[in-house]
Amino acid sequence: MQLPKNYNPKDSEMRWLEFWEKEKTYSFDHKSKAEIYSVDTPPPTVSGKMHLGHSFSYAQQDFVVRFQRMLGRNVFYPFGTDDNGLATERMIEKMKNVKGQFMKRKEFVELCLKTLEDIRPDFVYDWKRIGISADFNIFYTTINEHCQKISQKSFIELYKSGRCYRKEGPTIWCPECQTAIAQVEMKDEEKTTNLAYIGVKTEKGDPLVFATTRPELYPSCVGMSVNPNDERYKKYVGQKVEMPLTNAKIELTADDMIDPEFGTGVVYFCSSGDAQFLDWETRHSVKSNIYILNFDGTLNEKAGAYKGLTIAEARKRIVDDLSKLGLIKKTEPLKHAVNVHERCGTAVEYMVSRQWYIKYLDLKEDFIEYGRKIKWHPEHMRIRYENWVNGLKWDWNISRQRHFGIPIPVWYCRKCAEIIVADENQLPVDPLVDKPLKECKCGSLDFTGEKDVLDTWATSSLTPDIAIGLFDENTQKKLFPMNLRPQAHDIITFWLFNTVVKSCFHHKNIPWHDVMISGFVLDPYGKKMSKSKGNIIDPRDMVKKYSADALRFWAAGSKLGDDMPFQEKDLVTGSKFITKIWNASKFAYLHLKDYKLQRPGKLHLTERWVLSKLSKVAKDATENFMNYEYSHTKLETETFFWHTFCDDYLEIIKGRLYNADKSGEDARLSAQYGLYNTLLAIIKLMAPIMPFITEELYQLYYKSHEKTKSIHLTKWPDIKMIDEHAEKIGDFVVQVIEFARRQKTAKQLSLKTPIKKLTIKAKIEEIDFDEVEAEIKAATSAEHIIFEPTRGKHPEKDLEVEIEF
RNA sequence: GGGCCCAUGGUCUAGUGGCUAGGACACAACCUUCACAGGGUUGAGACAGGAGUUCAAUUCUCCUUGGGCCCACCA
């Protein structure tokens with residue numbers, strides 16, 4: 001087989017993508033008896049395109065999966081898309097220029113579903129394009145009927161077991177998205193706000209100044225506190241404070257949580273607004289709360305004259321009005337963290353509304369224990385998980401006031417207010433359209449359907465059930481718990497944790513044995529990539545410019561869990577590797593044309609040397625892959641290929657390959673044997689990292705001998721040809737050759753310049769030297785070699801070489 | 001404020017309780033018809049600072065400094 005001069009990754013990669021799809025190379029065989037390796041693939045969110053971070057972490061998980069497949073495992077590697085969340089809803093509103101809240105839910109949902117059908121294939125293609133070896137026929141979208149059924153079933157089970165409850169209470173609320181959100185959906189943002197110092201008087205006329213960043217909440221003030229040990233204010237505790245503008249009279253109380261150092265040491269509390277109030281409220285009697293915020297973030301009638309204003313408008317007006325009364329003593333800018341909704345960046349409010357929750361704060365210890373049963377890669381990521389669990393303060397709010405999503409499957413009886421949950425047989429159900437199967441206990445047939453939908457995490461936390469739920473019960477048993485959950489570290493607290501929670505409830509078991517946590521791709525300066533910074537790199541551009549293999553090679557360069565700054569030049573390294581392995585194969589195949597898998601009569605020492613080294617590399621590669629340390633496998637294979645194989649081995653055997661007349665046919669056969677097996681092992685070791693070039697090289701030559709239809713279905717190399725003696729002699733040969741190269745370079749001579757006399761003194765036996773003399777001669781272009789075994793005469797030096805040109 | 005991770009040549013990194021601390025990119029010199037100019041050979045260049053454990057620390061412990069991340073949080 002003569003390879004073309006150059007390798008064209010673009011043509012080749014497209015060809016193999018088609019081939020794998022046609023041949024179903026990566027399909028899961030549920031009838032197979034082979035050991036299963038199951039993966040809980042992260043379903044990417046359809047809103048948007050694959051970004052560089054995706055290609056990074058999905059490539060990393062794919063390395064491991066491909067390795068497992070080559071070990072002979074029956075790989076279950078499904079692929080889904082996540083498209084039931086708020087992010088999707090917002091994307092479609094933008095794309096179609098509509099507002100969900102002004103449409104009928106049914107119409108809007110239909111529009112969403114239809115739009116998703118249109119964009120999904122292109123979206124998924126990006127994953128295929130980088131060589132993700134998932135079985136794309138085991139497919140789900142988190143909004144399809146299958147997922148709706150499973151998600152609603154989960155809700156019903158939890159409801160029946162008393163884990164799901166509905167409660168009116170303070171909720172974290174996003175006024176922009178107009179929905180309740182969960183603790184995990186918040187992030188903090190450094191913001192500078194004005195801290196206003198407001199002067200009021202106690203009923204006895206003593207002046208009191210408090211500071212606030214939220215003056216707009218003034219009309220809802222229900223209490224004021226100072227630290228009980230604060231000498232300045234002790235004497236006022238218990239008095240009423242008169243509030244101008246609203247003419248309210250509120251009580252001044254003592255509370256430990258007040259920091260005397262902050263502001264003036266006097267704090268006012270408002271029913272709306274912030275989490276701290278909720279804490280405070282539990283210790284102080286509040287006769288009636290004053291909720292002045294509407295769900296859309298404007299003020300309601302309880303704000304009196306400020307009704308209808310937005311938060312920002314009210315803030316300005318109230319400060320102005322207080323100022324006119326001379327009550328604003330001063331304002332100063334304050335830098336502090338504000339909790340915002342992570343999807344839209346709007347500051348959250350704490351509102352009272354009726355929501356559905358999953359009760360789980362009582363199970364913290366169980367969650368910790370589950371986390372410890374799972375093997376984490378890298379290990380320290382578990383600590384993040386535990387920190388999160390220990391810090392949980394709220395039950396899991398799973399209801400969302402949105403249109404697009406999986407409906408909460410309940411109705412409320414109009415007559416007796418009883419909650420009726422859907423029957424499992426009628427799932428999926430939309431309570432706004434469907435009716436309960438039976439009448440209410442009270443006999444009524446008059447129901448209101450719940451209009452809220454489930455939080456997207458309530459569904460995506462069920463991905464193991466969703467994926468394996470596509471198969472029969474028998475197969476399901478074999479697939480659970482799954483072997484692996486791969487994901488990036490940013491969603492340990494969302495997706496990973498929530499999945500453990502659901503698995504704990506529904507299976508009383510861990511969802512997977514192993515998790516592998518990928519790092520992030522940063523920009524070249526180590527900063528997070530984000531649209532707002534404009535430092536986004538599109539992975540598709542990189543694939544076009546370099547190749548999917550080069551991109552994957554780059555992704556294999558970072559240790560699992562480590563973040564990596566992106567530098568485009570790193571993709572050049574992968575491209576170079578591709579060129580190098582192509583050229584080395586071109587050379588090998590040229591000399592293997594007439595090779596028919598014969599074994600030589602005697603394996604030459606150089607072959608024993610290279611195969612011994614290869615055995616060790618293969619062993620390490622296997623161990624590293626087992627521990628999810630793909631970067632070590634890649635590095636070691638790369639070094640072995642480039643230096644041991646190309647620079648040394650190929651150079652050493654050239655003499656035997658080109659001049660069989662001199663060295664003999666068996667010596668050439670030995671070289672062919674070494675060449676065939678070493679290169680085959682190399683491309684196999686690289687196959688999980690660079691699936692395209694290795695497939696191309698396999699198909700062009702090895703396939704006709706090895707018969708397996710794809711390199712990715714061949715057996716992972718397990719070579720046991722360790723020969724320490726051969727390694728020692730081979731290393732000696734390499735040292736001599738390197739010495740000759742150094743001399744020639746120092747004298748600015750061509751490496752092919754003949755050497756008249758090469759004198760070698762070394763601690764090896766003549767009998768061994770005789771075996772490699774011809775190779776040293778050929779590789780150094782030496783005309784004459786004088787060898788002298790030193791045998792401990794010069795213990796300080798193993799090797800001495802002299803060269804005469 | 002609590003926690004986690006990290007600190008190696010100009011840049012990105014590998015690695016080890018003891019060998020000349022390895023590689024990639026960039027840099028310099030030279031070589032190059034025989035697999036490879038996206039090549040080869042050679043060269044210059046680094047363990048953040050301090051203390052401790054040890055015969056021996058780049059490696060282990062602590063502190064400082066500097067980065068990154070997670071969580072909590074201030075009226």
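Numbers restart at 1 for each chain; the letters A, B, ... are given by sequence-line order, proteins then strands.
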- [ ] Using the P atom as the reference point in each nucleotide, state the distance between B/rA21 and B/rG43 in Å, no decimals.
- [x] 14 Å
TODO: Remember a base hit wins even if backbone is also touched, and classify A/Asp647 as base, sugar-phosphate or nothing at under 4.0 Å, heavy atoms.
DONE: sugar-phosphate
Task: Side chain of A/Arg384 (C-beta onward), nearest among B/rA29, B/rC69, B/rC36 - done: B/rC69
Open item on the list: Heavy-atom nearest nucleotide on RNA chain B for A/Gly574 versus A/Gly265: which residue maps closer to 5'?
Closed with: A/Gly574
Task: Under 4.0 angstrom between A/Trp642 side-chain N/O and B/rG40 OP1 or OP2 - done: yes
TODO: For B/rG17 and B/rC60, measure between their C1' atoms and round to the nearest Å.
DONE: 8 Å
TODO: Name the residue closer to the 5' end of RNA chain B, choosing between A/Leu749 and A/Val266 according to the nucleotide with the nearest heavy atom.
DONE: A/Leu749
- [ ] Tell me yes or no: between the side chains of A/Arg741 and A/Gln743, is some donor less than 3.5 Å from an acceptor?
- [x] no
Task: Distance-only donor-acceptor test (3.5 Å): side chain A/Thr639, base B/rG23 - done: no
TODO: Check for a donor-acceptor pair, side chain of A/Gln60 on one end and backbone N or O of A/Ala555 on the other, with a separation under 3.5 Å.
DONE: yes
Task: Six-ring centre of A/Tyr197, A/Lys330 cation under 6.0 angstrom, axis tolerance 45° - done: yes
Task: Side chain of A/Thr745 - closest among B/rU41, B/rC30, B/rG3 - done: B/rU41
Open item on the list: Can you check the distance between B/rG15 and B/rC6, where both ends of the measurement are the P atom (answer in whole Å)?
Closed with: 11 Å
- [ ] Measure from the side-chain heavy atoms of A/Ser750 and tell me the nearest of B/rA29, B/rG39, B/rC31.
- [x] B/rC31
TODO: Count the heavy atoms of every other residue, nucleotide or ligand shown that sit under 6.0 Å from NZ of A/Lys544, and state whether that count exceeds 12.
DONE: no
- [ ] Can you tell me the distance, in whole Å, between the CG atom of A/Asp255 and the C1' atom of B/rA75?
- [x] 12 Å
Task: Pairwise P distance, B/rC73 and B/rU65 [rounded to whole Å] - done: 26 Å
TODO: Kindly indicate whether a cation-pi arrangement holds for A/Lys654 with A/Phe587, taking the cut-offs as under 6.0 Å to the six-membered ring centre and within 45° of the axis.
DONE: yes
- [ ] Side chain of A/Lys576 only, please: which of B/rA75, B/rC36, B/rA26 is the nearest?
- [x] B/rA26
Task: Separation of the C1' atoms in B/rU16 and B/rC74, to the nearest angstrom - done: 47 Å
Task: B/rC71 and B/rU53, which share atom name C1', separated by this distance in whole Å - done: 34 Å
TODO: May I ask you to say what A/Phe520 touches in the nucleic acid, namely base, sugar-phosphate or nothing, with a heavy-atom cut-off under 4.0 Å?
DONE: nothing
Enumerate the protein-to-nucleotides 10-15 of chain B contacts in which both atoms are nitrogen or oxygen and the separation is below 3.5 Å.
from: B/rU11; atom 1: O2'; to: A/Gln567; atom 2: NE2; distance (Å): 2.9
from: B/rC12; atom 1: O4'; to: A/Gln567; atom 2: NE2; distance (Å): 3.3
from: B/rG15; atom 1: OP1; to: A/His632; atom 2: NE2; distance (Å): 2.4

Open item on the list: So that I can tick it off, tell me whether A/Asp648 and A/Lys613 are bridged by a salt bridge, with the cut-off set at under 4.0 angstrom between side-chain N and carboxylate O.
Closed with: no
- [ ] For A/Thr573, report the nucleic acid contact type (base, sugar-phosphate, nothing); a contact means any heavy atom under 4.0 Å.
- [x] sugar-phosphate
- [ ] For B/rA7 and B/rC63, measure between their C1' atoms and round to the nearest Å.
- [x] 16 Å
Open item on the list: Less than 4.0 angstrom between a side-chain N/O of A/Lys747 and OP1 or OP2 of B/rC31, yes or no?
Closed with: no
Task: Pairwise C1' distance for B/rC47 and B/rU8, with rounding to whole Å - done: 4 Å
Open item on the list: Can a side-chain donor-acceptor contact be found between A/His632 and A/Asp620 if the only test is distance below 3.5 angstrom?
Closed with: no
- [ ] Tell me the partner of B/rA21, counting only Watson-Crick (N1-N3 plus N6-O4 or O6-N4) or G-U wobble (N1-O2 and O6-N3) with both under 3.5 Å; none if nothing fits.
- [x] none
Task: Student check: side-chain heavy atoms of A/Tyr268 and A/Val241 closer than 4.5 Å - done: no
Open item on the list: I want to verify a distance call: between B/rC4, B/rG43, B/rC71, whose nearest atom is closest to the A/His380 side chain?
Closed with: B/rC4
- [ ] Check whether NZ of the Lys or CZ of the Arg A/Lys634 lies under 6.0 Å from the centre of the six-membered ring of A/Phe553 and within 45 degrees of that ring's axis.
- [x] yes
Task: Closest to the A/Asn339 side chain, choosing from B/rU41, B/rC73, B/rC30 - done: B/rC73
Open item on the list: Side chain of A/Lys752, heavy atoms from C-beta onward: which of B/rG38, B/rU41, B/rC34 has the nearest atom to it?
Closed with: B/rC34
